[in-house]
Protein chains: 2
Amino acid sequence: MSRSDLPSHTCTIARASAQVGDEWTLLIMRELFLGTRRFDDFLRLTSMSSHLLSQRLRKLETQGVIRREPYSERPPRHEYRLTEKGLDLWTVIIALKQWGDRWLSTEDTPVQIMHKVCGNVVRPHMICPDCGERMGAHDAEAKISEPFQMERQAVRRAP
Amino acid sequence: MSRSDLPSHTCTIARASAQVGDEWTLLIMRELFLGTRRFDDFLRLTSMSSHLLSQRLRKLETQGVIRREPYSERPPRHEYRLTEKGLDLWTVIIALKQWGDRWLSTEDTPVQIMHKVCGNVVRPHMICPDCGERMGAHDAEAKISEPFQMERQAVRRAP
DNA sequence: TTAGTCAATTCAAAAAGTGAAGTGACTTCT
DNA sequence: AGAAGTCACTTCACTTTTTGAATTGACTAA
């Protein structure tokens, strides 16, 4: 099975990976959250090739993660902006950032998060909505649904 | 600049992307969090090629995200397990899963999260550690550090 | 002995990514 | 008015990565 089959997986992590799980797409998402809107800026700030950038932007637009908005008629110009679907990836990018800050950096973080509501620079984290306690890998257990478990049993027994 | 230069970026999101930001690595991470430990199981459950799987496992081991643990001397066998660094990616995988559940799925989620502390199936979310309120893209603002801002200005003005 | 398991490696073909150059619709400078 | 510059791409030749099938090698179980 190839990368192009990922969107058809039952697992939503596989499906999400297929949409945004590659190096350059994640870098584009970073830029979008930092406020970058134009082709040339993405190009310089990510230092990716223009070929790849236009491919990825097209893909993200098709998926509804970003939208093109015209900001000038003559010459015809437009900018790229996050849709609600795209904005909702914030948690993923922040989680990745915190992990990178913690495990891959020696210096201070290059990007801080400010909470507009309270005005503080913060390091957001995940909590359990029921008991309100902080949550991590150690206190979570994955429960696989019946149909998905069956599907997995089948492939494990396969040739 | 190419993919291989990502680890040298100042930005920790770029660095994190370089380590775990690709489709197959994310799928391997999913499996690790679901409890998969052995080569053949990864192979069947992700349906990736064995060549790529062994490459990725080697890379993840080198990076310290997973470790190989022997579980049998004869025949020599070992399993792959998450290190602390790997376990700390939980938030990223969960964030990706929630996003996939919300935007890419029609049916019920194939994997639920149970909080061991309170015993409930939950959808964890991010909060501001200072004021305790739920946080998302709309109420966050990115603050770019002085040195990183300078670096970015430089590339924007570049040829 | 033969078949089977596990954890890979090898190899050729196909797909994806890279970097440089080019295009076209404009605007600004002189 | 002509030349140079900007922005948003596309094209193309080349390199790297991925794919999928086959093979290896160390063992075990029938």
Side-chain angles (χ1 to χ4, degrees), chain A residues 1-8 14 17-28 31-32 36-62 66-81 155-159, chain B residues 1-8 14 17-18 21-28 31-32 36-62 66-81 155-159:
Chain A
M1 214 184 259
S2 73
R3 231 186 307 181
S4 54
D5 300 313
L6 285 174
S8 66
S17 292
Q19 295 222 342
V20 296
D22 79 286
E23 286 95 327
W24 296 121
T25 301
L26 290 168
L27 230 57
I28 293 172
E31 285 307 321
L32 285 162
T36 302
R37 302 275 175 262
R38 300 184 187 176
F39 193 91
D40 258 38
D41 285 335
F42 286 110
L43 209 54
R44 291 171 211 276
L45 292 166
T46 64
S47 59
M48 65 201 289
S49 74
S50 54
H51 182 38
L52 240 209
L53 176 60
S54 73
Q55 260 189 204
R56 287 293 191 272
L57 290 174
R58 217 183 341 261
K59 187 182 165 192
L60 287 170
E61 199 196 344
T62 305
I66 59 176
R67 62 165 177 272
R68 291 158 115 242
E69 296 242 314
Y71 66 87
S72 145
E73 284 269 318
R74 352 209 73 232
R77 290 279 180 275
H78 48 262
E79 45 184 31
Y80 297 93
R81 288 182 163 276
V155 289
R156 289 189 77 194
R157 313 272 169 262
Chain B
M1 213 185 257
S2 73
R3 230 186 310 181
S4 54
D5 300 313
L6 284 174
S8 66
S17 291
D22 79 287
E23 288 95 327
W24 296 122
T25 300
L26 291 168
L27 231 57
I28 293 172
E31 285 307 320
L32 285 162
T36 303
R37 301 277 175 262
R38 300 183 188 178
F39 195 90
D40 258 40
D41 285 336
F42 286 111
L43 209 54
R44 291 171 211 275
L45 291 165
T46 63
S47 58
M48 64 201 289
S49 75
S50 54
H51 182 38
L52 197 49
L53 176 60
S54 73
Q55 261 190 202
R56 287 293 191 273
L57 290 174
R58 218 185 339 261
K59 188 182 165 193
L60 288 170
E61 199 196 344
T62 305
I66 59 175
R67 61 166 178 272
R68 293 159 114 240
E69 295 242 316
Y71 67 88
S72 146
E73 285 270 319
R74 349 209 77 231
R77 290 280 180 274
H78 46 263
E79 46 184 30
Y80 297 93
R81 288 181 164 275
V155 289
R156 290 190 77 194
R157 313 271 167 262

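Protein chains get the first letters and strands the later ones, always in sequence-line order, with residue 1 at the start of each.
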Just how far, in rounded Å, is P of D/dT19 from CD of B/Glu23?
9 Å

Look at B/Ser54 and C/dT9 and indicate whether a side-chain polar atom (N or O) is within less than 4.0 Å of OP1 or OP2.
yes

Sugar-phosphate, base or nothing in reach of B/Ser49, heavy atoms under 4.0 Å
base

Within the structure, does a side-chain N or O atom of B/His78 lie under 4.0 Å from either OP1 or OP2 of C/dA8?
yes

Starting from P on D/dA8, measure out to CD on A/Gln55 and report it in whole angstrom.
18 Å

Would you say B/Ser47's side chain and B/Arg44's backbone share a donor-acceptor pair under 3.5 angstrom?
no

B/Thr25 and B/Asp22 side chains, donor-acceptor separation under 3.5 Å:
yes

Atom-to-atom span, CZ of B/Phe39 to P of D/dT24 - whole angstrom:
17 Å

Roughly, in whole Å, what's the span from CG in A/Asp41 to P in D/dT6?
13 Å

B/Tyr80 vs B/Arg67 side-chain heavy atoms within contact, under 4.5 Å:
no

Of the options D/dC7, C/dG19, D/dT19, whose atoms approach the side-chain atoms of A/Asp40 most closely?
D/dC7

When you measure from the centre of the six-membered ring of B/Tyr71, is the NZ or CZ of B/Arg38 closer than 6.0 Å and no more than 45° off the axis?
yes

Any N or O donor-acceptor pair under 3.5 Å from the base of D/dT10 to the side chain of A/Ser50?
yes

Counting side-chain heavy atoms from C-beta on, which of C/dA8, D/dT6, C/dG17 comes nearest to A/Arg77?
D/dT6

Given side chains that start at C-beta, do those of A/Ile28 and A/Ile66 come closer than 4.5 Å, heavy atoms only?
no

B/His51 NE2 to C/dA8 C1', straight-line distance once rounded to whole Å
11 Å

Just call it for B/Tyr71: base, sugar-phosphate, or nothing, with non-hydrogen atoms closer than 4.0 Å on any strand.
sugar-phosphate

May I ask you to evaluate whether B/Arg58 reaches the phosphate of C/dT9, defined as a side-chain N or O under 4.0 Å from OP1 or OP2?
yes

Taking CE from B/Met48 and P from D/dT18, how many angstroms apart are they, rounded to a whole number?
9 Å

Whole-Å gap separating P (C/dG17) and CG (A/Leu53):
13 Å

From CG of A/Leu27 over to C1' of C/dG17, roughly how many Å is that when rounded to an integer?
15 Å

Using a cut-off of strictly less than 4.0 Å, decide whether B/Arg68 has a side-chain nitrogen or oxygen near OP1 or OP2 of C/dA7.
no

Check whether any side-chain N or O of B/Trp24 sits under 4.0 Å from OP1 or OP2 of D/dT19, and answer yes or no.
yes

Side chain of B/Arg38 only, heavy atoms from C-beta on: which candidate in C/dT18, C/dA7, C/dA25 is closest?
C/dA7

For A/Glu79 and for A/Ser2, locate the closest nucleotide of DNA chain D by heavy-atom distance; then report the residue assigned to the nucleotide nearer the 5' terminus.
A/Glu79

